[in-house]
**Student:** 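Take this structure, written in structure tokens, and hold onto it; I'll ask about it next.
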Amino acid sequence: MDPVTILCGIAIIILTFYYYSTSTFDFWKSRGVRGPRPVPFYGTTKDVFFFKKSMSEYLTEKYNYYKDEPMFGIFMRRTPILVVKDPELIKDVLIKDFSTFADRGLTTNEKAEPLSQHLFSLESKRWRPLRTKLSPVFTSGKLKEMFSLISKCADHLEQYTEQLARKNKPIECRELTAKYTTDVIGTCAFGIEMNAMADEDSEFRKMGRQVFTPTWRNIIRMRITQAAPWVWDILWYIGLNPMSEVSKFFKRVITETMSYRDTNNIVRHDFIDMLRELKNHPDKLGDIELTDNLIASQAFVFFLAGFETSSTTISHALYELALNPIVQDRLREEIDQEYAKCGGDLTYENIKKMNYLDKVFKETLRKYPPVTFLMRQSLADYTFDGTKVSIPKGQRVWIPIYSIQRNPDIYPKPDVFDPERFSDEIAQTRHSMFYLPFGDGPRNCIGARFAVYQTKIGLVKLLRNCKIESCEKTLIPYQMDPKAFLLAPKGGIYLKLTKIDRN
């Protein structure tokens with residue numbers, strides 16, 4: 001083959017790829033939706049692709065630039081994504097017209113990624129009946145039953161923290177709190193003593209790190225899932241699966257736990273028992289095939305979401321309390337008062353009565369929502385109410401939680417940590433769609449109540465016995481890690497924790 005033919009062939013391939021990567025770029029312009037101009041191969045998110053910015057920082061930049069628009073359009077490579085800003089349109093997507101936006105638009109692959117068949121990712125056909133059957137695990141009544149178990153784990157956290165504090169060294173709080181929430185999830189959901197604080201080599205903690213640590217392997221896995229999910233089929237076919245260790249571990253643990261309970265006639269009325277009930281009566285899910293992977297996936301996502309989001313929230317709360325000692329002192333005063341009322345025997349009702357704790361918790365999630373934007377996908381053609389904007393079936397829609405909750409027109413001086421934003425009087429002046437750390441509508445976070453209480457109990461136990469201060473390793477100002485999957489700081493959160501002498 002002569003050089004000219006080779007060069008022509010290469011040129012044709014390049015032009016074909018160029019045309020393919022840019023063929024959608026008039027999508028938003030043709031629909032009258034404003035947005036940044038895309039560039040070939042990267043769309044509008046080049047800085048995110050090369051980790052110069054996190055997605056939440058990028059969305060906030062564009063959110064502010066198009067501040068007078070109810071929505072704007074971006075491109076992830078060649079895929080058009082609609083970012084909705086207007087609170088009434090957000091409410092339409094999440095609640096009013098939920099049936100049109102019941103899917104998140106995430107890819108699942110039972111062969112290559114067997115644990116991807118969970119509530120967060122499932123399409124609406126399988127999500128709806130599973131959500132209905134699993135919801136009773138998270139009622140307030142169940143939380144009351146679990147309270148003593150969570151409190152016991154928090155006692156272990158308190159003791160472990162005292163040991164660390166004696167060393168008089170900066171403590172990395174994200175790892176500390178992740179061990180606590182890992183133990184809570186193990187005890188309350190699986191009936192397993194995981195001992196993540198006592199055991200530095202805890203398998204559950206190891207698996208949690210393997211999933212969420214932004215290693216290059218995890219980053220490449222995420223990019224493949226987003227851009228070319230079909231690659232997983234090829235990798236699975238040739239026997240390469242970067243998540244195989246995690247998948248095998250969780251499937252084994254769930255199978256062995258269920259089998260042990262069946263053999264020994266153990267009933268705990270927890271998450272595992274609910275999965276056992278579904279496995280023994282699959283007809284309750286209608287015509288959905290209840291595979292072992294589907295069962296294990298629900299336990300897998302509950303474990304991951306339960307420990308990571310709550311541990312992130314606790315560590316962010318500690319960070320802000322260290323930087324705002326007046327807030328910390330006021331919160332500790334409320335905790336001490338409630339302890340005095342209950343004689344040191346803290347209950348579920350005592351936690352509910354701590355109004356300032358609730359404000360601190362909400363303000364933490366306002367500044368640091370672990371999931372920084374919500375994803376939805378249209379199941380039919382749709383025209384947004386009061387606009388001329390129409391989108392086709394399969395269109396991806398994002399709701400920028402972080403950007404909304406950092407909007408100075410909604411939350412004045414958004415970088416200031418001010419729990420009083422959530423006093424009843426002030427909170428009632430804001431649109432309900434301006435605070436969405438747990439999402440909203442039928443597909444909101446199923447474990448929100450559980451997350452609230454394990455976070456609050458952990459904070460109460462820590463603040464009751466420790467003073468939290470910044471140190472030489474504390475990152476000030478806060479900087480996001482652009483490689484992290486959930487909102488996280490660069491290099492962790494290092495603080496000084498000093499035991500309070502109550503003698």
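Computed over heavy atoms, backbone and side chain alike; hydrogens, waters and symmetry mates excluded.
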**Student:** If only atom types and distance count, is the side chain of Ser378 paired as donor or acceptor with the main-chain N or O of Gln395 below 3.5 Å?
**Tutor:** yes
**Student:** Tell me the closest heavy-atom pair linking Leu379 and Ser99, and the distance in Å.
**Tutor:** CD1-O, 3.5 Å
**Student:** In Å, rounded to the nearest 0.5 Å, how long is the span from CG of Asp381 to CD1 of Ile391?
**Tutor:** 8.5 Å
**Student:** Between Lys62 and Glu57, is there a side-chain N and carboxylate O pair less than 4.0 Å apart?
**Tutor:** no
**Student:** Evaluate side chain to side chain contact (heavy atoms under 4.5 Å, CB included) for Lys133 paired with Arg128, printing each intermediate quantity in order.
**Tutor:** CA-CA 9 Å; Lys133 296 300 180 184; Arg128 197 178 300 274; over 6 Å; no
**Student:** Look at the side chain of Arg131 and the backbone N and O of Arg443, then say whether any donor-acceptor pair between them is shorter than 3.5 Å.
**Tutor:** no
**Student:** Pro437 and Gln405: which non-hydrogen atoms are nearest, and at how many Å?
**Tutor:** CD-OE1, 3.4 Å
**Student:** How would you list, by chain and number, every residue that makes a ring pair (Phe, Tyr, Trp, His ring centres under 6.0 Å) with Tyr65, sequence neighbours excluded?
**Tutor:** none
**Student:** Determine, using ring centers only, whether His316 and Tyr478 are less than 6.0 Å apart.
**Tutor:** yes
**Student:** Restricting to salt bridge (charged side-chain N to carboxylate O under 4.0 Å, His left out), what partner residues turn up for Asp273, sequence neighbours left out?
**Tutor:** Arg261, Arg276
**Student:** Which atom pairs, one a donor and one an acceptor, fall under 3.5 Å between side chains of residues 42-50 and the rest of the protein, sequence neighbours left out?
**Tutor:**
from: Thr44; atom 1: OG1; to: Tyr58; atom 2: OH; distance (Å): 2.8
from: Thr44; atom 1: OG1; to: Phe75; atom 2: N; distance (Å): 3.0
from: Thr44; atom 1: OG1; to: Phe75; atom 2: O; distance (Å): 3.2

**Student:** The test is ring-ring contact (aromatic ring centres under 6.0 Å, His included); show your working for Tyr453 and Tyr348 and say whether it passes.
**Tutor:** CA-CA 9 Å; Tyr453 278 92; Tyr348 176 86; 4.8 Å; yes
**Student:** Given 3.5 Å as the limit, does a donor-acceptor pair link the side chain of Tyr319 with the main chain of Ile314, or not?
**Tutor:** no
**Student:** Keeping Ser30 on the side-chain end and Asp26 on the backbone end, is there a donor-acceptor pair under 3.5 Å?
**Tutor:** yes
**Student:** Go through the structure and list residues passing ring pair (Phe, Tyr, Trp, His ring centres under 6.0 Å) with Phe27, not counting sequence neighbours.
**Tutor:** none
**Student:** Mind jotting down which residue pairs meet the salt bridge (charged side-chain N to carboxylate O under 4.0 Å, His left out) criterion with at least one end in residues 383-393? Sequence neighbours excluded, please.
**Tutor:** none
**Student:** Using a cut-off of 6.0 Å, state whether more than 12 heavy atoms not belonging to Lys91 lie near its atom NZ.
**Tutor:** no
**Student:** Does a salt bridge link Asp415 with Lys367, judged by any charged N lying under 4.0 Å from a carboxylate O?
**Tutor:** no
**Student:** Mark yes or no for whether Thr429, through its side chain, and Ile426, through its backbone, hold a donor-acceptor pair below 3.5 Å.
**Tutor:** yes
**Student:** Return the set of residues passing salt bridge (charged side-chain N to carboxylate O under 4.0 Å, His left out) with Arg421 (not counting sequence neighbours), or none when no residue passes.
**Tutor:** Glu363
**Student:** Donor-acceptor pair, Thr177 side chain versus Ser311 backbone, under 3.5 Å?
**Tutor:** yes
**Student:** Filter on salt bridge (charged side-chain N to carboxylate O under 4.0 Å, His left out), then keep only pairs touching residues 92-107, sequence neighbours left out; what's left?
**Tutor:** none
**Student:** Which residue pairs pass the salt bridge (charged side-chain N to carboxylate O under 4.0 Å, His left out) test when at least one of the two sits in residues 445-457, sequence neighbours left out?
**Tutor:** Asp358-Lys456
**Student:** Please set out all donor-acceptor pairs under 3.5 angstrom arising from side-chain atoms of residues 81-90, sequence neighbours excluded.
**Tutor:**
from: Lys85; atom 1: NZ; to: Tyr63; atom 2: O; distance (Å): 3.2
from: Lys85; atom 1: NZ; to: Tyr66; atom 2: O; distance (Å): 2.4
from: Lys85; atom 1: NZ; to: Lys67; atom 2: O; distance (Å): 3.3
from: Lys85; atom 1: NZ; to: Glu69; atom 2: O; distance (Å): 3.3
from: Asp86; atom 1: OD2; to: Glu88; atom 2: N; distance (Å): 3.0
from: Asp86; atom 1: OD2; to: Leu89; atom 2: N; distance (Å): 3.1
from: Glu88; atom 1: OE2; to: His431; atom 2: NE2; distance (Å): 2.7

**Student:** Between Phe250 and Phe300, how do the two ring planes meet: parallel, tilted or perpendicular, split at 30° and 60°?
**Tutor:** perpendicular
**Student:** Measure across Val93 and Phe101 and return the closest heavy-atom pair with its distance rounded to 0.1 Å.
**Tutor:** O-CB, 3.6 Å
**Student:** Enter the distance from Ile150:CD1 to Thr181:OG1 here, rounded to the nearest 0.5 Å.
**Tutor:** 11.5 Å
**Student:** Aromatic ring centroids of Phe302 and Phe450 under 6.0 Å?
**Tutor:** yes
**Student:** What residues, two or more places apart in sequence or in another chain, satisfy salt bridge (charged side-chain N to carboxylate O under 4.0 Å, His left out) together with Lys144?
**Tutor:** Glu349
**Student:** Keeping Gln298 on the side-chain end and Gln117 on the backbone end, is there a donor-acceptor pair under 3.5 Å?
**Tutor:** yes
**Student:** Is it the case that the side chain of Lys362 and the backbone of Pro419 share a donor-acceptor pair, with hydrogens and angles ignored and the cut-off at 3.5 Å?
**Tutor:** no
**Student:** The criterion is salt bridge (charged side-chain N to carboxylate O under 4.0 Å, His left out); which residues satisfy it with Asp68, sequence neighbours excluded?
**Tutor:** none
**Student:** Checking the side chain of Arg78 only, and the main-chain atoms of Phe25 only, is there a donor and an acceptor separated by less than 3.5 Å?
**Tutor:** no
**Student:** For Phe422, is the NZ or CZ atom of Arg430 found under 6.0 angstrom from the centre of its six-membered ring and inside 45 degrees of the ring axis?
**Tutor:** yes
**Student:** Can you label the angle between the His118 ring and the Phe120 ring as parallel, tilted or perpendicular, going by 30° and 60°?
**Tutor:** tilted
**Student:** Considering only distance and modelled atom types, tabulate donor-acceptor pairs under 3.5 Å from the side chains of residues 397-404, sequence neighbours left out.
**Tutor:**
from: Ser403; atom 1: OG; to: Thr60; atom 2: N; distance (Å): 3.2
from: Ser403; atom 1: OG; to: Thr60; atom 2: OG1; distance (Å): 2.9

